[in-house]
Novice: 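Below is a structure I'd like to ask you about.
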Amino acid sequence: MHDSRAGSVYDTLLERGYIAQVSDEDGVRELLAGTGVRFYIGFDPTADSLHVGHFIQMMVMAHLQRAGHVPIALMGCGTAMVGDPSGRTDLRQMLTLETITHNAERFREQMRILLDFTDDRALMVNNADWLLDLNYVDFLRDIGVHFSVNRMLAAEAYRQRMEKGLTFLEFNYMLMQAYDFLELHRRYGVRLQLGGDDQWSNILAGADLIRRKEQTEAYALTIKLLTTSEGIKMGKTARGALWLDPEKCPVFDFYQYWRNIDDADVINSLRLVTFVPMEEIRGWEHLTGSQLNPVKERLAWEVTAIVHGREAADSARQQARALFAGPGEASDMPETLLSAAELEAGVGLLELLERSGLSPSRSAARRLVRQGGVRLDDEVVHDEALVLTAADFADGHRILRAGKKRFHRLRPTD
RNA sequence: GGGGGAGUACCCAAGUGGCCAAAGGGGGCAGACUGUAAAUCUGUUGUCUACGACUUCGGUGGUUCAAAUCCACUCUCCCCCA
């Protein structure tokens, strides 16, 4: 870490805007002023890739690790079996243990992009190890006694569910997460749990439990959720969440998401998803309008470099520059190969739009053409019945565009 | 266990026998304007071999020339009482 003097990590987190709520600010600041503090964040493997929401939390872990503390990434294979109802309006789909285990494996790999797990500088544990074999009655007598249903129902996280209904299965989630905290306290001396702001009540429940069972002070700190200046959750793309897995969200799309970010969100994003020093960021705060374009480019490059590596970030940037400057270089963009046989017969434009994924159906492709949203190289195509043959590929490849920002290369096989 | 209510396209939500591929809003997509931004305006938003055809209104089976709309059974959810 270049910009954090010893003992001031907490202030770094504060300054960069990560912190949403803290149970005891002075206590946490003091705790973090030392070194080698073990803290944890839980990640439930409910999908086969992490997304930007998790990424912010990993950034916080990374900041703390660089300041000499020891992050524990908890894989919630046990809790994922139940599903966290916090902030949700409906029941999560129940996942099988196989799916969960598979997802956890993917999480595990992705965690390495930001955290250094060598020599126990960070730990990875799995709550399935202690949750799955619990004895029901023992658990109820040991842990369940400490929970007041009245208090739980009052928790903000459940409020939405009070209207739609809450199953007993999900209602137990809080106890499980609280128990995790206790277990990690016992095993590793953990006294601080971090999490998304929607986890506030779950984390507090754990801190309370530790206080009661171990007479030790434990702390809760939540991290701001990534939202736009309007308070809307960030990280949604046309094709769903902003996944860290390049298979689920191509590097170019990932880069473009940040490159196209709203003016009002640039500075905030730089603080949260990059390691660009605050001094540098402050220098950009007064910029407005199109002056922000280079800053957006920097933002996009920095995040992409962290997640996908410098090389991939360079390539995405170069590609973007080229494409928006002109017809462009078609280096890494997704492509569709056309066989000599089908070019002989001729391939319809609508079919190509569908096959390339630029359009979900032929009907949608037709609409796109009618609205003037389709281009071959730089020319708008109005003829929806257009057929491409080998002759159209005299120069090698063609670039098919849908709208201004979606590109696809068409290339004949050799 | 008893009583009441609801399930409509990506989401919310109209529609209670033909004029319904289904109002309206949100969201998405495209075009204009721009800075690869926002806001605004316009168009569009089931599928297809496309001025027509086909498939949709929780599921199944009926009634009818004709059903999202009526009947039966069934699944799911919500509310009140226990």
Side-chain angles (χ1 to χ4, degrees), chain A residues 85 88-94 160-170 227-242 250-270 284 287-301 303-304 316-329 333 345-351 353-376 378-387 399-408:
Chain A
R88 292 201 132 231
T89 54
D90 52 359
L91 176 66
R92 276 174 194 276
Q93 205 195 342
M94 287 242 250
Q160 294 188 55
R161 298 304 295 277
M162 293 313 290
E163 292 171 19
K164 285 267 186 176
L166 182 66
T167 62
F168 188 64
L169 172 81
E170 303 167 277
T227 55
T228 66
S229 54
E230 314 258 292
I232 300 163
K233 239 186 197 177
M234 269 173 71
K236 290 279 187 235
T237 70
R239 277 187 288 161
L242 201 57
V251 178
F252 183 71
D253 292 359
F254 185 86
Y255 177 91
Q256 282 296 304
Y257 176 86
W258 301 101
R259 178 59 186 80
N260 284 318
I261 205 160
D262 191 310
D263 285 7
D265 299 318
V266 189
I267 297 300
N268 193 240
S269 299
L270 274 164
W284 298 325
L287 297 179
T288 55
S290 56
Q291 292 176 308
L292 282 168
N293 278 335
V295 183
K296 289 183 183 182
E297 190 176 63
R298 176 71 183 276
L299 165 70
W301 187 87
V303 205
T304 309
R317 179 171 61 189
Q318 187 191 347
Q319 221 182 110
R321 281 179 179 166
L323 282 169
F324 287 95
E329 260 312 299
M333 81 178 66
V347 190
L349 177 68
L350 299 182
E351 185 186 336
L353 283 164
E354 189 185 12
R355 249 168 72 181
S356 64
L358 289 175
S359 178
S361 70
R362 299 175 68 96
S363 295
R366 198 181 297 260
R367 283 192 291 268
L368 204 56
V369 175
R370 283 182 187 167
Q371 302 197 107
V374 174
R375 282 162 216 243
L376 253 184
D378 246 7
E379 278 185 54
V380 178
V381 183
H382 292 287
D383 179 13
E384 47 189 77
L386 184 71
V387 171
I399 294 178
L400 187 59
R401 304 176 52 160
K404 292 198 179 70
K405 298 178 189 168
R406 287 147 63 224
F407 305 84
H408 197 94

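Here is the naming used below: chain letters follow the sequence lines, and residue numbers restart at 1 for every chain.
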Novice: Taking A/Arg298 for the side chain and A/Trp301 for the main chain, is one N or O donor matched with an acceptor at less than 3.5 Å?
Specialist: no
Novice: Nearest whole angstrom, please: distance from the P of B/G31 to the CZ of A/Arg366.
Specialist: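 Checked: the CZ to P distance equals 19 Å.
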Novice: So which nucleotide from B/C29, B/A37, B/G31 ends up closest to the side chain of A/Leu368?
Specialist: B/C29
Novice: Apply the side-chain contact (heavy atoms from CB on, under 4.5 Å) test between A/Val374 and each candidate in A/Asp383, A/Leu368, A/Leu386; give the one that qualifies.
Specialist: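 When A/Asp383, A/Leu368, A/Leu386 are each tested with A/Val374, the side-chain contact (heavy atoms from CB on, under 4.5 Å) holds only for A/Leu368.
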Novice: Categorize A/Gln256 for me: base, sugar-phosphate, or nothing, with a 4.0 angstrom heavy-atom threshold over every strand shown.
Specialist: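 Answer is base: heavy atoms of A/Gln256 come under 4.0 Å of a base.
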Novice: Quick one: classify the glycosidic conformation of B/C51 as syn or anti, with syn meaning within 90° of 0.
Specialist: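 For B/C51, whose glycosidic angle is within 90° of 0, the conformation is syn.
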Novice: Name the nucleic acid region contacted by A/Ala320, choosing base, sugar-phosphate or nothing; use a 4.0 angstrom heavy-atom cut-off, strictly under.
Specialist: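 Since a base atom lies under 4.0 Å of A/Ala320, the category is base.
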Novice: Using a 4.0 Å heavy-atom cut-off across all strands, classify A/Arg367 as base, sugar-phosphate, or nothing.
Specialist: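 The residue A/Arg367 makes sugar-phosphate contact but no base contact.
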Novice: What integer distance in Å separates A/Arg362:CZ from B/C29:P?
Specialist: 23 Å
Novice: Of the listed nucleotides (B/U44, B/U47, B/U36), which one gets closest to any side-chain atom of A/Ser361?
Specialist: B/U47
Novice: May I ask you to decide if A/Thr288's main-chain N or O and A/Gln291's side chain share a donor-acceptor pair within less than 3.5 Å?
Specialist: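 Side chain of A/Gln291 to backbone of A/Thr288: a pair is present.
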Novice: Return the nucleotide paired to B/A50: Watson-Crick means purine N1 to pyrimidine N3 with N6-O4 or O6-N4, wobble means G-U with N1-O2 and O6-N3, both under 3.5 Å.
Specialist: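 Pairing partner, where one exists within any strand: none, as none qualifies.
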Novice: Quick one: does A/Arg259 reach the base of B/A37 with a side-chain donor-acceptor pair under 3.5 Å?
Specialist: no
Novice: Tell me the interatomic distance from A/Ile261, atom CD1, to B/A39, atom P, rounded to whole angstroms.
Specialist: 14 Å
Novice: Which nucleotide sits closest to the side chain of A/Asp262: B/G43, B/G35, B/A37?
Specialist: B/A37
Novice: Hey, is the side chain of A/Gln371 pairing donor to acceptor with the base of B/G31 inside 3.5 Å?
Specialist: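 By the distance-only test, no, there is no pair.
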Novice: Would you mind pulling out the nucleotide paired to B/C70, Watson-Crick or G-U wobble, both distances under 3.5 Å?
Specialist: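 Its partner is B/G62 (Watson-Crick or G-U wobble, both distances under 3.5 Å).
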Novice: Side-chain contact test, heavy atoms from C-beta onward, threshold under 4.5 Å: evaluate it for A/Trp284 versus A/Leu270 and give yes or no.
Specialist: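 Yes. Closest side-chain heavy atoms under 4.5 Å.
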Novice: Please give the distance between the P atoms of B/G24 and B/G46 as a whole number of Å.
Specialist: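 Those two atoms are separated by 12 Å.
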Novice: Between B/U69 and B/C81, how far apart are the two C1' atoms, rounded to whole Å?
Specialist: 32 Å
Novice: When the distance from CG of A/Asp263 to C1' of B/U36 is rounded to whole Å, what number comes out?
Specialist: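 That distance rounds to 12 Å.
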Novice: Work out how far the P atom of B/G1 is from that of B/C71, and round it to whole angstrom.
Specialist: 26 Å
Novice: Expressed in whole Å, how much space separates the P atoms belonging to B/A32 and B/G26?
Specialist: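 These two P atoms come out 23 Å apart once rounded.
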Novice: What I'd like to find out is whether the side chain of A/His408 reaches to under 4.5 Å of the side chain of A/Leu353, using heavy atoms alone.
Specialist: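 In short, these two side chains do not touch, never coming nearer than 4.5 Å.
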Novice: Just call it for A/Arg370: base, sugar-phosphate, or nothing, with non-hydrogen atoms closer than 4.0 Å on any strand.
Specialist: nothing
Novice: Suppose you measure atom C1' in B/A53 against the same atom in B/G59; what distance do you get, rounded to whole Å?
Specialist: 27 Å
Novice: On a whole-Å scale, what distance lies between the P atoms belonging to B/A30 and B/U64?
Specialist: 50 Å
Novice: With respect to the side chain of A/Lys404, which nucleotide from B/U36, B/A32, B/A38 is positioned closest?
Specialist: B/A32
Novice: Picking from B/C29, B/G35, B/A37, which would you name as closest to the side chain of A/Asn293?
Specialist: B/G35
Novice: Between B/C51 and B/U56, how many Å separate the two C1' atoms, rounded to a whole number?
Specialist: 22 Å
Novice: Is A/Lys405 touching bases, backbone alone, or none of the nucleic acid, heavy atoms closer than 4.0 Å?
Specialist: sugar-phosphate
Novice: Check every strand shown and say whether A/Ser363 touches a base, only sugar-phosphate, or nothing at a heavy-atom separation below 4.0 Å.
Specialist: base
Novice: For B/G17 versus B/C12, give the span between their P atoms, rounded off to a whole number of Å.
Specialist: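 Per the computed distance, 25 Å lies between those P atoms.
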Novice: For the side chain of A/Glu354, counting heavy atoms from C-beta on, which of B/G31, B/C48, B/A37 is nearest?
Specialist: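 When the side chain of A/Glu354 is considered, B/C48 is the closest of B/G31, B/C48, B/A37.
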Novice: In whole angstroms, how far is the P atom of B/C48 from the CG atom of A/Leu350?
Specialist: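 About 9 Å, once rounded to whole Å.
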Novice: For the backbone of A/Ile261 and the side chain of A/Lys296, can you confirm whether one donor and one acceptor N or O come within less than 3.5 Å of each other?
Specialist: yes
Novice: Map A/Arg406 and A/Leu292 onto RNA chain B by nearest heavy atom, then report which one ends up closer to the 5' terminus.
Specialist: A/Arg406
Novice: Starting at atom CZ of A/Phe252, determine the distance to atom C1' of B/U36, rounded to an integer number of angstrom.
Specialist: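 About 9 Å, once rounded to whole Å.
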Novice: Please report the closest heavy-atom contact between A/Leu299 and A/Trp258, naming both atoms and the distance.
Specialist: CD2-O, 4.0 Å
Novice: Applying a 3.5 Å limit to both distances, which nucleotide forms a Watson-Crick or G-U wobble pair with B/G43?
Specialist: B/C29
Novice: Mind calculating the distance between CG (A/Leu353) and P (B/C48) to the nearest angstrom?
Specialist: 12 Å
Novice: Looking at A/Ala300, is its backbone amide N or carbonyl O close enough to the side chain of A/Arg259 to form a donor-acceptor pair, meaning the two atoms are under 3.5 Å apart?
Specialist: no
Novice: Taking CG from A/Asp265 and P from B/A39, how many angstroms apart are they, rounded to a whole number?
Specialist: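 The answer, rounded to whole Å, is 11 Å.
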